[in-house]
Novice: 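Got a structure for you, written out below as structure tokens; questions coming shortly.
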Amino acid sequence: MQLLKLGGSVITVKSRYRYFLQKTTRNIMHELLKIKGEVILVHGGGSFGHIKAREYGLNGSPALSSHNGISIVHRDMVDLNQKIIEVMLSEGLYGIGMPPSSFPDPFQPPYELISNYLKAGLIPVTFGDVFIRNGNSGIISGDDLMLALATHFKPERVMFLSDVDGIYDKNPKTHSNAELRPMVRGNEIFEISGEDVTGGMGKKLNVMSKIAKAGIPVYLINGKRPERIWDIGRSHFIGTVIN
Ligand code: ADP
Ligand code: IPE
């Protein structure tokens, strides 16, 4: 089994509300079509999630004013999910959307149901979403779901597709001299998640390191160049392996 996350930075333009990158998504699906065996997909929110979640202050206790936000962010995320499934269908991949806001516990995906979908030849596609638990509302990120799914299913490998070539010693978007790190070890992660690393990448590194510690190979690859997944393990591979 392979577990793969499509970062919101790859499939949307993060600064433009609800701007879906259909062609980029199609290119990724084109590569996924060639994967033999079971695949579970997770996707992030990008501009379908983060913009309104921030606007409505979604992460603490539910306030009256955030009811709107919960509904809006969920609608937008389901919409993004269905856009992805539509692209998958056009490529001959059969995805089935699984919104965490409908899971009894959003942080524990329904593993048996996922297994049943896999057995039926479907590709479960879950995603960052809103949730309400113990009276608190919040956002569960695709990265949280990756950790739960990797821990449970122990896939052969876990791939995070983002909009950068891998993990750098500093944020490559703000530092032109940033250097790509082909390999990051768990205990180095905290050195590079300092002030130059956004919360987004910091959290991702944390999750990737936990998955790697469970003995599962984890890779960060540029989703704009999805064919690179076939270079994993080769000398010319461009990306970062976390171990
Ligand atoms: P995604 O939406 O792909 O899940 P995020 O947008 O949360 O991911 O994180 C990816 C972003 O993290 C990149 O666009 C990059 O600007 C930023 N980033 C910050 N620090 C680093 C770093 N050290 N190496 C690579 N990317 C970094
Ligand atoms: C965020 O999920 C989901 C919402 C904001 C609703 P992620 O945190 O996984 O999204 P990206 O990949 O960073 O965009």
Side-chain angles (χ1 to χ4, degrees), residues 4-21 24-25 28 41-59 66 69-81 84 99-101 106-107 125-132 137-149 158-184 188-208 219-224 226 238-240 242:
L4 199 131
K5 183 191 173 194
L6 313 179
S9 66
V10 184
I11 53 174
T12 78
V13 175
K14 272 196 144 173
S15 56
R16 299 176 70 174
Y17 180 50
R18 290 172 56 96
Y19 198 104
F20 177 54
L21 293 174
T24 307
T25 307
I28 294 171
L41 281 185
V42 173
H43 65 82
S47 60
F48 285 70
H50 291 286
I51 294 176
K52 291 289 169 189
R54 198 174 306 122
E55 196 177 310
Y56 285 92
L58 268 176
N59 46 31
S66 74
I70 291 171
S71 184
I72 289 170
V73 172
H74 178 66
R75 177 207 55 196
D76 289 345
M77 287 306 302
V78 170
D79 187 26
L80 174 61
N81 179 253
I84 293 169
S101 52
F107 289 84
V125 190
T126 189
F127 52 91
D129 195 3
V130 296
F131 71 88
I132 293 193
S137 62
I139 300 288
I140 175 164
S141 81
D143 296 338
D144 292 320
L145 292 160
M146 290 293 282
L147 180 58
L149 290 164
V158 174
M159 294 174 277
F160 287 81
L161 302 188
S162 193
D163 67 341
V164 282
D165 280 344
I167 297 170
Y168 288 74
D169 58 348
K170 12 183 164 20
N171 188 347
K173 295 261 178 77
T174 50
H175 294 83
S176 56
N177 64 343
E179 281 178 26
L180 180 63
R181 301 281 301 273
M183 190 186 287
V184 169
E188 285 178 277
I189 279 169
F190 300 98
E191 288 173 35
I192 66 164
S193 63
E195 53 177 355
D196 291 313
V197 180
T198 64
M201 185 52 84
K203 185 189 177 81
K204 203 185 301 301
L205 281 168
N206 194 292
V207 162
M208 290 192 289
Y219 304 88
L220 188 86
I221 301 165
N222 193 335
K224 310 274 179 190
I238 299 175
T240 299
I242 295 91

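Throughout, numbering of the chain's residues begins at 1 and tracks the sequence. A quick note: this is a predicted structure, and the numbers were derived from the prediction, not measured. One-based numbering, in listed order, for ligands and for the atoms of each.
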Novice: For ligand 1, which atoms sit closer than 4.0 Å to a heavy atom of Gly7?
Specialist: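 With Gly7 as reference, the close atoms of ligand 1 come out as 1 (P), 2 (O), 3 (O), 4 (O).
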Novice: If you measure from each non-hydrogen atom of Lys14 to ligand 1, which part falls under 4.0 Å: side chain, backbone, both or neither?
Specialist: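 It is the side chain that gets close, since no backbone atom is under 4.0 Å.
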Novice: Given Ser9, Gly46, Ser162, Ala178, which has its nearest heavy atom closest to atom 2 (O) of ligand 1?
Specialist: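 Nearest option to atom 2 (O) of ligand 1, by heavy atoms: Ser9.
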Novice: Quick one: does Val10 get a heavy atom under 4.0 Å from ligand 1?
Specialist: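 It does not; every heavy atom stays at 4.0 Å or beyond.
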Novice: Nearest 0.5 Å, what's the OG-CD1 distance between Ser162 and Ile167?
Specialist: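 Result: 9.5 Å between the selected atoms.
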Novice: Apply side chain to side chain contact (heavy atoms under 4.5 Å, CB included) to Ser101 and list each qualifying residue two or more places apart in sequence or on a separate chain.
Specialist: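 Side chain to side chain contact (heavy atoms under 4.5 Å, CB included) list for Ser101, sorted by chain: His74, Pro99, Asp129, Val130.
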Novice: Taking the basic N atoms (NZ, or NE/NH1/NH2) and the acidic carboxylate oxygens, is any pair closer than 4.0 Å for Lys52 and Asp76?
Specialist: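 No.
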Novice: Measuring from atom CD1 of Ile221 to atom NZ of Lys5, what distance do you get when rounded to the nearest 0.5 angstrom?
Specialist: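 Going from CD1 on Ile221 over to NZ on Lys5, the span is 14.0 Å.
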Novice: Can you sort out the partners of Phe131 under ring pair (Phe, Tyr, Trp, His ring centres under 6.0 Å), two or more places apart, ordered by chain and number?
Specialist: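 Applying ring pair (Phe, Tyr, Trp, His ring centres under 6.0 Å) to Phe131 gives Phe107.
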Novice: Which class fits the ring pair His43 and Phe127: parallel under 30°, tilted 30 to 60°, perpendicular over 60°?
Specialist: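 Parallel.
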Novice: May I ask whether Lys5 has any heavy atom positioned less than 4.0 angstrom from an atom of ligand 1?
Specialist: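 Yes.
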Novice: Mind jotting down which protein residues get a heavy-atom contact under 4.0 Å with ligand 2? Chain and number order, please.
Specialist: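 Within the 4.0 Å shell of ligand 2, which is judged on heavy atoms, sit Lys5, Gly7, Gly8, Lys14, Gly44, Gly45, Gly46, Gly49, His50, Val73, Met77, Gly128, Ile139, Ser141, Gly142, Asp143.
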Novice: Asp143 versus ligand 1: do any nitrogen or oxygen atoms come within less than 3.5 Å of each other?
Specialist: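 For ligand 1, there is no N or O atom that lies under 3.5 Å from one belonging to Asp143.
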Novice: For side chain to side chain contact (heavy atoms under 4.5 Å, CB included), just list the numbers for Val184 and Leu220, CA-CA rounded to whole Å, side-chain angles, deciding distance to a tenth of an Å, and then say yes or no.
Specialist: CA-CA 10 Å; Val184 169; Leu220 188 86; over 6 Å; no
Novice: Looking only at distances, can you tell me whether any N or O atom of Lys204, backbone or side chain, sits closer than 3.5 Å to an N or O atom of ligand 1?
Specialist: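 Looking only at distances, the answer is yes, because the N/O contact criterion of under 3.5 Å is met.
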Novice: Is it the case that ligand 1 has an N or O less than 3.5 angstrom from some N or O of Pro172?
Specialist: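 No, Pro172 has no N/O under 3.5 Å of an N/O on ligand 1.
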Novice: Can any side-chain N or O of Thr24 pair as donor or acceptor with the backbone N or O of Lys224 at less than 3.5 Å?
Specialist: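 Absent.
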Novice: May I ask you to list the atoms of ligand 1 that are less than 4.0 angstrom from any heavy atom of Lys173?
Specialist: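 Counting from 1, the qualifying ligand atoms are 14 (O), 16 (O).
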Novice: With side chain to side chain contact (heavy atoms under 4.5 Å, CB included) as the test, would you mind laying out the steps for Asp144 and Lys203 before giving the verdict?
Specialist: CA-CA 9 Å; Asp144 292 320; Lys203 185 189 177 81; 3.0 Å; yes
Novice: Counting from 1, what ligand 1 atoms have a heavy atom of Asp163 closer than 4.0 Å?
Specialist: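 Numbered from 1, ligand 1 contributes 13 (C), 14 (O).
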Novice: Taking the minimum heavy-atom distance to atom 16 (O) of ligand 1, which of Asp165, Asn171, Leu205 ranks first?
Specialist: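 Shortest heavy-atom distance from atom 16 (O) of ligand 1: Asn171.
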Novice: Looking at residues at least two apart in the chain, or sitting in another chain, which of them share a side chain to side chain contact (heavy atoms under 4.5 Å, CB included) with Leu180?
Specialist: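 Leu180: side chain to side chain contact (heavy atoms under 4.5 Å, CB included) contacts with Asp165, Tyr168, Ile238, Thr240.
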Novice: Quick check for you: to the nearest 0.5 Å, what is the distance between Lys170 atom NZ and Met201 atom CE?
Specialist: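 These two atoms lie 15.0 Å from each other.
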